[in-house]
Amino acid sequence: MNVDLLSRPAEEVAPELLGSVLACKSSKGTVSIAITETEAYSGTADPASHAYRGRTPRNAVMFGPAGHLYVYRSHGLHWCANVVTGTDGIASAVLVRAGRVIEGEDLARRRRGEKVESPRLARGPGNFCQALGITAEHNGADLLLTGASVSLSEGESVPAALIQAGPRVGVSKAHDWQHRFYLAGDPTVSAYRLSPRAKPSAGA
DNA sequence: ATCACGATCTTT
DNA sequence: AAGATCGTGATG
């Protein structure tokens, strides 16, 4: 994966990450997942972004150089992972929402539960991280380092016609921004769900 | 009090 | 099918 590809605005990078592969190796083995759904979050101009109110200890990685992993805890029990994009010093990142397990499915299923169907192993940002084995220890990791425990690589290219854009999932602000990108008809893509607290907002 | 979640309930 | 509820803990 080329850092120049990631050093652009999140909403440009997000659709191009579809088909890319995140791999995570641990003592238990390696799981690789091809990304099928992403969401772009920018910095201070994006009301739904963690970086909207400026830099904090939690979101610091978002302000760093592209190609690193921003991991945060969601609602107390799930981990969510972002690929940091854009320029060093300016916050932006792409939330990885779903993917298809292409390596280490046994390990992924052990983590997620034996009765989970294959398409659902990495469906949803929390499930994606659980299947891949991402936790807080991976926050800030450089995804472009070869041989690192977690890394990002280019997968098979996906046909542009399959890439769809839509409103972001689960956010209470700026939910109508068309910053969610996914592969049309893919069973691993998470179901769209409007946030219960969503209010109308201006924006693209 | 809020929350970029997910599973499981309840009510149509 | 859609909406409500709750678990769980970091955050500011």
Side-chain angles (χ1 to χ4, degrees), chain A residues 9-15 17-18 22 33 35-64 68-86 90-99 101 108-140 164-182 187-201 203-204:
Chain A
E11 62 270 27
E12 292 182 21
V13 178
L17 281 181
L18 298 176
L22 267 175
I33 303 183
I35 299 170
T36 57
E37 180 186 1
T38 60
E39 269 176 14
Y41 287 89
S42 13
T44 52
D46 182 354
S49 171
H50 286 171
Y52 184 49
R53 284 162 224 283
R55 187 183 190 131
T56 69
R58 177 176 68 154
N59 64 27
V61 176
M62 272 187 85
F63 288 79
H68 290 244
L69 195 68
Y70 166 44
V71 180
Y72 70 95
R73 175 94 85 171
S74 169
H75 294 263
L77 61 156
H78 309 288
W79 298 106
C80 295
N82 300 248
V83 176
V84 175
T85 60
I90 298 175
S92 75
V94 173
L95 172 67
V96 181
R97 287 198 56 87
V101 177
R109 182 168 283 105
R110 234 171 290 143
R111 287 169 171 155
R112 289 273 294 115
E114 294 297 335
K115 65 185 177 91
V116 176
E117 307 285 331
S118 296
R120 309 191 72 204
L121 285 172
R123 176 169 144 169
N127 291 335
F128 186 99
C129 283
Q130 189 178 7
L132 194 54
I134 295 294
T135 65
E137 71 183 86
H138 301 287
N139 188 36
Q164 298 244 318
R168 294 187 289 196
V169 173
V171 299
S172 59
K173 288 167 285 201
H175 60 88
D176 50 345
W177 288 23
Q178 304 283 300
H179 277 12
R180 171 177 179 245
F181 302 90
Y182 56 96
T188 65
V189 172
S190 63
Y192 175 70
R193 179 173 147 28
L194 185 65
S195 167
R197 285 183 286 281
K199 296 168 198 159
S201 90

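A note on names: the letters A, B, ... follow the listed sequences, proteins ahead of strands, and every chain is numbered from 1.
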Whole-Å gap separating C1' (C:dA10) and CH2 (A:Trp79) | 9 Å
Any A:Ser74 side-chain nitrogen or oxygen under 4.0 Å from OP1 or OP2 of C:dG9 | no
Where A:Tyr41 and A:Ser49 come nearest, the two heavy atoms and their spacing = CD2-CA, 4.0 Å
Closest listed nucleotide, where the reference is the side chain of A:Asn127 and the choices are C:dG7, B:dG6, B:dA4 = B:dG6
Rounded off to whole Å, could you give me the NE2-to-P distance for the A:His50 and B:dA4 pair?
-> 5 Å
If you look at every strand shown and take non-hydrogen atoms under 4.0 Å, does A:Arg180 touch a base, only sugar-phosphate, or nothing?
-> nothing
Rounded to the nearest Å, what distance is computed from the CZ atom of residue A:Arg55 to the P atom of nucleotide C:dG12?
-> 13 Å
In whole Å, what is the span from the CZ atom of A:Phe181 to the C1' atom of B:dA4?
-> 15 Å
Length of the line joining A:Arg58:CZ and B:dC3:P, which is rounded to integer Å | 11 Å
Judged by atom type as modelled, is there a donor-acceptor pair below 3.5 Å linking the side chain of A:Arg111 to the main-chain atoms of A:Leu132?
-> yes
Can you tell me if the side-chain N/O atoms of A:Arg53 get under 4.0 Å from OP1 or OP2 in B:dC3?
-> no
For DNA chain B, which consecutive runs of 3 or more Watson-Crick or G-U pairs (each distance under 3.5 Å) count as stems?
-> B:1-3 with C:9-11, B:5-11 with C:1-7
Round to a whole Å and report the spacing from CZ of A:Arg123 to P of B:dG6.
-> 10 Å
B:dC5 base stacked by A:His75? Criteria: ring centres under 5.5 Å, plane angle under 30°.
-> yes
Distance, rounded to the nearest Å, where A:Tyr52 contributes OH and C:dT11 contributes C1' | 18 Å
Distance test, side-chain N/O of A:Thr56 to OP1/OP2 of C:dG12, below 4.0 Å | yes
Any side-chain N or O of A:Lys173 less than 4.0 Å from the OP1 or OP2 oxygen of B:dC3?
-> yes
Does A:Tyr72 make a side-chain donor-acceptor contact with the base of B:dA4, cut-off 3.5 Å?
-> yes
What residues, two or more places apart in sequence or in another chain, satisfy salt bridge (Lys or Arg N to Asp or Glu O under 4.0 Å) together with A:Arg109?
-> A:Glu105
Which atoms form the tightest heavy-atom contact between A:Pro167 and A:His175, and what is the distance?
-> CB-O, 3.3 Å
May I ask you to decide if the ring planes of A:His179 and A:Trp177 are parallel, tilted or perpendicular, using 30° and 60° as cut-offs?
-> perpendicular
Would you kindly give the CG-to-P distance between A:Asn139 and C:dG9, to the nearest whole Å?
-> 19 Å
Grab the two heavy atoms, one from A:Val61 and one from A:Leu69, that are nearest each other, plus how far apart they are.
-> CG1-O, 3.6 Å
Which pairs count as salt bridge (charged side-chain N to carboxylate O under 4.0 Å, His left out) when at least one residue sits in residues 39-49 of chain A, sequence neighbours excluded?
-> A:Glu39-A:Arg97, A:Asp46-A:Arg168
